[in-house]
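In what follows, a single structure is set out as structure tokens and then discussed.
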Amino acid sequence: MDLVKIRRALHKIPERGFQEFKTQQYLLDQIESVRNERMIITKWRTGLLVKVLGTNKTKTIAYRADIDGLPITEQTGLDFKSMDESMMHACGHDFHMTIALGALNKLIKHPIKNDVVFIFQPAEEGPGGAKPLLASAELKALEVDEVFSLHVAPELPVGTVSTKPGLLFANTSELFIDFKGKGGHAAYPHLTHDMAVAASTFLVSIQQIVSRRTNPIEGAVLTIGKMTAGTVQNIIAETARLEGTIRTTEPTTIETIKSEIEIFSRGFELSHHCKISIDYGSNYYGVYNDARYVQLFKDTVKSTNNRFIEAKEAMTGEDFGYFLKDIPGFMFWLGVNSDYGLHHAKLNPDESALQVGADLVYQTMLDLDNANIE
Ligand SMILES: CC(=O)N[C@@H](CCC[C@H](N)C(=O)O)C(=O)O
């Protein structure tokens, strides 16, 4: 299996959450090419569940890879860059899928005792595939006992991996705020209520929530990544929209931030003569690693040529948190050495990490196979 070729093919076809039709077909074709009688493939929406029967099963181990891209215009200049100008694999999910295929190929050639399920999960970037997948009859039927996953880490060199027990990724909530007021001629501000001014002032004002309304010992982030308002340069804006995300180390802090945003919005409705509506989009539970699995993984890493470093928690979000809420396991960072970070239009991970990742995932399956974690 040529992992670089596969990664480049996947890199060309990034798709939005639950729109991963080409990706699903490409994955199916690759899986078909290594298929044997021990493999059972189930489609779930635009994702795939691939079960490989073990030789003497006592449990089911699952490995999850997310498959969606991000709405970013790629600026890498690579000859295998995204064919869709509006989408890019800027979060490394092309790597995640390829590594899963590499591990699957190895598992087919070198079977283990227990059943293994490869979960190709849609919509990690949004609106969230893990939660509905976990609730589905298809996943429940697989009776997964333990689960793990990885995320590429651009800031770590290839051959370095990192994780920690407990919280690894933050609790998250998306945030969409719509402003509606009275637009009008640019020359008559006194006859209008300008939503460009309301939204931009709101954006600056809510920055005080993290610094003045949350416990500084508990981490919190409130980021507005997109602001839109109005229609034309000489018309006062009737509508505006802020789009962002809330990240916290404690699940309860999200609720504090949401309620403070609502208090600000009530004040702004009065002071800026407008209607504000708030939508929290999708929410992800934090990724909490099971310490027993992290210990096993550290031993696995020691037995390979990789270097382990203890991670710090990150304010990134991951709906893999929902898996770990229900099923014991862990997630880890895999070094891929890119000058540009996750969600950057120039992210360019080192492809030598593909084989490193596939080998490590397979080795972890082997070690889980022989372990009896109580
Ligand atoms: C690993 C990573 O970058 N994940 C995304 C998850 C996004 C969740 C949701 N769309 C949100 O923005 O809250 C991240 O941005 O951390």
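For ligands, and for the atoms within them, numbers begin at 1 and follow the listed sequence.
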Take the angle between the ring planes of Phe118 and Phe120 and call it parallel below 30°, perpendicular above 60°, tilted in between.
parallel
Under 30°, 30 to 60°, or over 60°: which ring-plane class applies to Phe264 and Phe202, parallel, tilted or perpendicular?
perpendicular
Distance under 4.0 Å to a non-hydrogen atom of [X]: what atoms of ligand 1 satisfy this?
X      : value
Tyr284 : 8 (C)
Cys91  : 1 (C), 2 (C), 3 (O)
His343 : 2 (C), 3 (O), 5 (C), 14 (C), 15 (O)
Thr245 : 11 (C), 12 (O), 13 (O)
Thr316 : 16 (O)

When clusters are formed from ILVMFWY side-chain contacts under 4.5 Å, directly or step by step, what else is grouped with Leu78?
Phe80
Just to verify, which of Trp333, Phe320, Tyr288, Tyr284 counts as forming a ring pair (Phe, Tyr, Trp, His ring centres under 6.0 Å) with Phe169?
Trp333
Could you tell me whether Glu318 and ligand 1 have an N or O pair separated by under 3.5 Å?
no
Please report which non-hydrogen protein atom sits nearest to [atom], along with the residue it belongs to and the distance in Å to one decimal place.
atom                    : answer
atom 9 (C) of ligand 1  : Glu174 OE2, 3.3 Å
atom 5 (C) of ligand 1  : Glu125 OE1, 3.4 Å
atom 2 (C) of ligand 1  : Gly317 O, 3.4 Å
atom 12 (O) of ligand 1 : Arg247 NH2, 3.1 Å

Tell me whether Lys57 at atom NZ has more than 12 heavy atoms from other residues, nucleotides or ligands lying less than 6.0 Å away.
yes
Any salt bridge (Lys or Arg N to Asp or Glu O under 4.0 Å) involving residues 136-150? Give me the pairs, sequence neighbours left out, ordered by first then second residue.
Lys59-Glu146
Given Asp94, which of Arg8, His11, Lys12 fulfils the side chain to side chain donor-acceptor pair (under 3.5 Å) condition?
His11
Could you tell me if any non-hydrogen atom of Glu124 lies under 4.0 Å from any atom of ligand 1?
yes
Counting only heavy atoms, which portion of Ser282 has something under 4.0 Å from ligand 1: side chain, backbone, both, or neither?
neither
Could you tell me if Asp367 and Thr300 have a donor-acceptor pair between their side chains, going purely by distance under 3.5 Å?
yes
